[in-house]
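Quick note: residue numbers are just sequence positions, from 1. Please read all numbers here as calculations on a predicted model, not as lab measurements. Reckoned from all heavy atoms, side chains included, excluding hydrogens, waters and symmetry mates. Counting convention: from 1, in listed order, for ligands and their atoms alike.
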Amino acid sequence: MSEKLAIIGSGPAGLTAAIYAARAFLDPLVFVGPEFGGQIAITTEVENYPGFPNGLQGPELTAAMREQAEKFGARMVEETVDKVDLSSRPFKLTSSSGAYEVDALIIATGASPRRLGVPGEDHFIGRGVSYCATCDGFFFRNKEIIVVGGGDSAFQEGLFLTKFGSRVRIVHRRDEFRAGAMLQQRAKSNPKIELVTNSVIERIDGNGKVADVVLKNLKTGQTSTSPVEGVFVFVGHIPNTQLFQGQLAMDHEGYLTVDQHLHTSVPGVFAAGEAHDNWFKQAITSAGFGCMAAMEAEKFLSQDA
Ligand code: NAP
C-alpha cells in the first residue's frame, strides 16, 4: 500500500497533525497504536485545555479530535506499527495487517510515564494514583498527598500540589536529590512539604480508591502503613521511540532529536509531541507540535510535486 503521509500515534499530537494534514489534502493515514488517545486518554478530568471552560474527560477530548480529523478525511487504522525502514524514500512501515510505503512520516508516539511497578499502582490509576499534577492536583484539595521521585519534576510538581493538598510528602529512594538547588530550597522552606528520604513505596492499598501506602525505609528496612489519598509518581518518562533506534538521531534517553521545525535526522520524517519533547509535556503543547509537524510535512511533500 502506498501512502502520501502516515502518522504514528493518536494522542493530541498525532490527532492534531491528522486534522491539519487532512485539511491540506494529504490524505493522512493514522496508525492509532496500542492505546488510542495516548496519555491524555488515561486522564479523567481535563480542565486546562483551552476552549472547554467546564472541563471535559480525557477520552472525550481525544474522541472529539478524532471525529474532527475523520470529518476532513483522515483515515485511522487500529494498528500498531512494529517495524520501520527509514533508510530511503518511500519509507517502509510494517504493521500487523501488512506493509506500507509512505512518502512522509510524522512520529507522534508519545512517552509513557515510568511506573513504579509496585502492587496496587496500575489498579488505582485515575483513582488516587496519577502521573500528572496539573491534570489531577485539583481533586486532592485538603487531602494527604505523596509524591514519588527526587528530580526536578517531583519537586516542581510537589510544590504545585501544595496549592491543594493538606500535606505533600516527597518520597525519594536516596538521601540526595537530582532536583535543582533552588527547587530544593523552595520545597524545604514550604511548610506543607515533608521530605521522606531513603524510602520507597512498597504497596498501594485502598477500596475503590487509594487509602494508604506501605512505605519502606531502605536504610533500616522498617515498613510502615501511611494513610494517603493521592499518590503522584514522577520517576521519569520513557519516550516511545524504541522502534526508531539506530535509524533516527535521539538523545541518551531516547527522545528524538529535532530541529526547530520538527524535522528529525531523516528528511521527510517529522516528530511531534513527547517523542521529542522532554520539557513541556502538556496536551496543548503536543497538539501545537502536531500542527507544526503537519505544516512542515505539507511543505516537504509539495517540493516533490
Ligand atoms: P529525572 O531527573 O530522571 O528524575 C527521576 C527521579 O525518579 C530520580 O530522582 C530517580 O531517583 C527517581 N526514580 C527513577 N526510577 C525510580 C523508581 N523505580 N523508584 C523510585 N524512584 C525512581 O526525571 P524528571 O524529574 O522527570 O526530570 C526530567 C528532565 O526534565 C530533567 O532533565 C529535569 O531537569 C527536567 N525538568 C526540569 C524542570 C525545571 O527545571 N523546572 C522541571 C521538570 C523537569 P535517583 O535520583 O535515585 O535516580
Side-chain angles (χ1 to χ4, degrees), residues 38-40 42-43 48 110-125 128-137 145-163 168-190 193-205 210 213-224 226 228 230-242 250-258 271 273-286 289:
Q39 290 183 66
I40 194 77
I42 58 164
T43 304
N48 56 4
S112 305
R114 184 177 288 125
R115 295 186 181 182
L116 292 173
V118 298
E121 182 181 20
D122 290 353
H123 181 71
F124 289 112
I125 289 175
V129 172
S130 173
Y131 303 86
C132 177
T134 323
C135 318
D136 297 328
I145 293 174
I146 280 183
V147 166
V148 188
D152 282 328
S153 293
F155 276 73
Q156 188 156 42
E157 304 305 315
L159 281 159
F160 174 75
L161 287 166
T162 59
K163 286 189 190 188
V168 176
R169 276 176 288 169
I170 299 180
V171 173
H172 180 41
R173 61 187 177 185
R174 296 187 294 136
D175 58 6
E176 275 176 21
F177 301 101
R178 283 176 199 272
M182 196 178 282
L183 276 174
Q184 287 195 44
Q185 199 179 47
R186 281 175 53 208
K188 281 170 188 162
S189 60
N190 188 310
I193 289 191
E194 205 174 289
L195 300 178
V196 183
T197 53
N198 298 313
S199 297
V200 291
I201 289 185
E202 258 202 344
R203 205 175 67 233
I204 302 171
D205 292 317
V210 170
V213 296
V214 175
L215 289 175
K216 181 176 186 181
N217 184 307
L218 296 173
K219 279 253 161 87
T220 63
Q222 216 166 25
T223 57
S224 58
S226 187
V228 63
V231 177
F232 285 80
V233 180
F234 299 107
V235 296
H237 278 78
I238 304 172
N240 301 318
T241 57
Q242 296 84 346
M250 47 183 81
D251 69 13
H252 68 283
E253 290 179 282
Y255 288 92
L256 296 174
T257 305
V258 292
E274 293 189 30
H276 74 86
D277 167 34
N278 186 17
W279 193 255
F280 297 107
K281 303 176 186 172
Q282 300 295 305
I284 184 63
T285 50
S286 289
F289 286 131

- Task: May I ask you to check whether Lys281 has an N/O atom sitting below 3.5 Å from an N/O atom of ligand 1?
- Result: no
- Protein contact to atom 30 (O) of ligand 1 [nearest heavy atom, distance to 0.1 Å]: Asn278 O, 4.0 Å
- Task: List the closest protein heavy-atom neighbour of atom 41 (N) of ligand 1: residue, atom name, distance to the nearest 0.1 Å.
- Result: Gln156 OE1, 3.0 Å
- Query: Can you check whether a protein heavy atom sits less than 4.0 angstrom from atom 32 (O) of ligand 1?
  - Reply: no
- Minimal non-hydrogen separation, Arg115 against Asp122, with atom names: NH1-OD1, 3.1 Å
- Contact region, Phe177 to ligand 1, non-hydrogen atoms below 4.0 Å, reads neither
- One finds that the ligand 1 atoms under 4.0 Å from a non-hydrogen atom of Gly150 are 6 (C), 8 (C), 9 (O)
- Any His172 side-chain heavy atom under 4.5 Å of Val196 side chain: no
- Query: Going by the order shown, which atoms of ligand 1 are within less than 4.0 Å of some heavy atom of Arg174?
  - Reply: 45 (P), 46 (O), 47 (O)
- What orientation do Phe280 and Phe289 show, parallel under 30°, tilted 30 to 60°, or perpendicular over 60°? tilted
- Looking only at heavy atoms, what is the nearest atom pair of Glu274 and Pro239, with distance? O-CB, 4.2 Å
- Straight-line distance of Asp205 CG to Ser226 OG, nearest 0.5 Å: 11.5 Å
- Query: Looking only at protein heavy atoms, which one is nearest to atom 23 (O) of ligand 1, and how far off is it?
  - Reply: Gly236 CA, 4.0 Å
- Taking the side chain as every heavy atom from C-beta outward, state whether Val148 and Val235 have any pair of such atoms under 4.5 Å apart. yes
- Message: Quick test: of every protein heavy atom, which one is nearest to atom 17 (C) of ligand 1, and how far off is it to 0.1 Å?
- Response: Arg173 NH1, 3.4 Å
- Message: Any non-hydrogen side-chain atom of Tyr131 less than 4.5 Å from a side-chain atom of Asp136?
- Response: no
- Heavy-atom proximity to atom 40 (O) of ligand 1 ranks first, among Tyr255, Phe155, Trp279, for Trp279
- Those atoms of ligand 1 less than 4.0 Å from some heavy atom in His172: 9 (O), 11 (O), 45 (P), 46 (O), 47 (O)
- Query: For atom 14 (C) of ligand 1, is some protein heavy-atom partner under 4.0 Å away?
  - Reply: yes
- Message: Arg115 versus ligand 1: do any nitrogen or oxygen atoms come within less than 3.5 Å of each other?
- Response: no
- Flag atom 3 (O) of ligand 1 as yes if some protein heavy-atom distance to it falls below 4.0 Å, otherwise no. no
- At a 4.0 Å threshold, what atoms of ligand 1 neighbour a non-hydrogen atom of Leu116? 19 (N)
- Message: For a quick test of reading the model, state the closest non-hydrogen atom pair linking Ala154 to Gly150 and the distance between them.
- Response: CB-N, 4.0 Å
- Going by an N to O cut-off under 4.0 Å, is there a salt bridge joining Asp152 and Arg178? no
- Establish, from distance only, whether the side-chain atoms of Arg173 and Thr197 form a donor-acceptor pair under 3.5 Å. no
- Are the aromatic rings of Phe177 and Phe155 close, with centres under 6.0 Å apart? yes
- Protein contact to atom 21 (N) of ligand 1 [nearest heavy atom, distance to 0.1 Å]: Val235 CG1, 3.5 Å
- Message: Under a plain distance cut-off of 3.5 Å, with no hydrogens placed, do Thr257 and Asp251 share a side-chain donor-acceptor pair?
- Response: no
- Message: Suppose we measure from atom 27 (O) of ligand 1 to each protein heavy atom; which comes out shortest, and what is that distance?
- Response: Ser153 OG, 3.7 Å
- For Phe234, the atoms of ligand 1 under 4.0 Å from one of its heavy atoms are 7 (O)
- Item | Closest approach of any protein heavy atom to atom 34 (O) of ligand 1, naming residue and atom | Asp152 OD2, 2.5 Å
- Task: Provide, to 0.1 Å, the distance between atom 1 (P) of ligand 1 and the closest protein heavy atom, together with that atom's residue and name.
- Result: Arg178 CD, 4.3 Å
